[in-house]
Amino acid sequence: DAKTTQPNSMESNEEEPVHLPCNHSTISGTDYIHWYRQLPSQGPEYVIHGLTSNVNNRMASLAIAEDRKSSTLILHRATLRDAAVYYCILRDQTDSWGKLQFGAGTQVVVTP
Amino acid sequence: DGGITQSPKYLFRKEGQNVTLSCEQNLNHDAMYWYRQDPGQGLRLIYYSQIVNDFQKGDIAEGYSVSREKKESFPLTVTSAQKNPTAFYLCASSRDYRTGELFFGEGSRLTVL
């Protein structure tokens, strides 16, 4: 399975953008890049996913490098509610979710 | 509102006792999953079920058991054979085992005294 590498933690000031990197140098052509986040003492929630093109939704933007070996999740204006652990996961569209693993993710700290 | 309900949210048990965690979903999803999370760690898959009356072991199935008799329900039993059962347990579901995103419950925190 393709692996991802994320920094352990990142800090941001409130109302400033947050750029969360994810390296996935062994990504295959059919791997989608998924992001989930987990607020304290809660289950993870879906944030965004993409294959090749950059993606935007109401929560965040996903910028995917041209060679797809890395991607960046962008939170445009961090709020205190964005303090969470963010997980970057690769999933082939033919794979079961049961075959995947969530790593330790990136802990985002937002300072008022 | 559709979603996943886990109960209880907090549970304390004595060592050597079996305990069953409930997971119910009303999303009409075929696939369901159980994960374990230890402090500061990612999620590890215990068991998953792609369809009713079928389930597969995940990476850390030893000491756990599950059943999937109904589409909506996927209970997890933590048996006395589980050496270190104190953890945060998360249930999730997806439309089927390959498509759709994962939806998670709010988790059950089990403490064995």
Side-chain angles (χ1 to χ4, degrees), chain A residues 1-10 20 22 24 28 30-51 55 57-60 62 73 83-109, chain B residues 3-7 9-10 21 23 25 27 29-51 54-61 66 68 74 87-111:
Chain A
D1 291 335
K3 302 291 185 195
T4 63
T5 304
Q6 300 178 251
N8 290 334
S9 65
M10 292 191 72
L20 300 175
C22 182
H24 29 78
S28 73
T30 52
D31 280 335
Y32 280 78
I33 302 159
H34 295 256
W35 284 84
Y36 281 74
R37 73 177 186 180
Q38 185 176 20
L39 278 64
S41 297
Q42 294 189 26
E45 62 176 347
Y46 167 79
V47 177
I48 201 166
H49 77 282
L51 182 63
V55 185
N57 66 20
R58 64 175 181 83
M59 290 180 71
L62 176 61
L73 180 71
V85 177
Y86 288 77
Y87 299 99
C88 172
I89 303 157
L90 300 183
R91 188 174 85 97
D92 186 288
Q93 60 186 349
T94 62
D95 275 346
S96 164
W97 278 109
K99 300 294 185 187
L100 301 180
Q101 293 184 2
F102 285 65
T106 297
Q107 174 72 62
V108 170
V109 176
Chain B
I4 298 182
T5 302
Q6 288 187 240
S7 63
K9 195 168 176 66
Y10 298 96
L21 306 180
C23 178
Q25 56 100 356
L27 299 166
H29 284 174
D30 283 327
M32 297 186 74
Y33 314 83
W34 274 104
Y35 294 89
R36 169 183 172 138
Q37 187 173 37
D38 293 289
Q41 306 294 313
L43 280 63
R44 292 186 291 169
L45 184 66
I46 305 172
Y47 268 98
Y48 65 102
S49 169
Q50 296 179 355
I51 201 162
D54 178 69
F55 50 83
Q56 314 287 334
K57 290 183 179 179
D59 301 310
I60 56 165
V66 293
R68 186 86 189 276
F74 191 40
F88 189 48
Y89 290 89
L90 287 158
C91 180
S93 71
S94 62
R95 191 186 318 149
D96 63 45
Y97 73 98
R98 289 189 304 177
T99 62
E101 297 303 316
L102 283 175
F103 288 80
F104 284 85
E106 294 203 342
S108 292
R109 191 170 298 280
L110 172 63
T111 302

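Nothing here was measured: the structure is a model prediction, and the numbers come from that model. In what follows, every chain begins at residue 1, and chains take the letters A, B, ... in the order their sequences are listed.
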**OP:** Could you tell me the separation between the SG atom of C91(B) and the CD1 atom of I4(B), rounded to the nearest 0.5 Å?
**Re:**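 Here the interatomic distance stands at 5.5 Å.
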Subject >> F55(B) six-ring face occupied by R68(B) cation (under 6.0 Å, within 45°) >> reply: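 No, R68(B) does not sit over the ring of F55(B).
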Between [X] and chain A, which part of the residue has a heavy atom less than 4.5 Å away: side chain, backbone, both or neither?
X       : result
L102(B) : both
Y35(B)  : side chain
L43(B)  : both
Y48(B)  : side chain
Q6(B)   : neither
R44(B)  : neither
Q56(B)  : neither
E101(B) : both

Original post:
Is atom NZ of K57(B) surrounded by more than 12 heavy atoms (other residues, nucleotides or ligands) closer than 6.0 Å?
Top reply: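 Not buried by this count: 12 neighbours or fewer within 6.0 Å.
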Original post:
Can you find a heavy atom in the side chain of D96(B) that is under 4.5 Å from one in the side chain of H29(B)?
Top reply: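 Not in contact.
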Original post:
Hey, mind stepping through R109(B) and Y10(B) against side chain to side chain donor-acceptor pair (under 3.5 Å) and telling me if it holds?
Top reply: CA-CA 5 Å; R109(B) 191 170 298 280; Y10(B) 298 96; 5.5 Å; no
**OP:** State yes or no: are the ring centers of Y46(A) and F103(B) separated by less than 6.0 Å?
**Re:** no
**OP:** Could you tell me whether Y87(A) and F102(A) have their ring centroids closer than 6.0 angstrom?
**Re:**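 Y87(A) vs F102(A): aromatic centres under 6.0 Å.
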**OP:** Sort out for me which of G105(A), S41(A), P44(A) touches chain B most, counting heavy-atom pairs under 4.5 Å.
**Re:**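 The option with the most such pairs is P44(A).
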Subject >> Which atoms of Q107(A) approach chain B - backbone, side chain, both or neither, heavy atom under 4.5 Å >> reply: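 Looking at Q107(A), nothing touches chain B.
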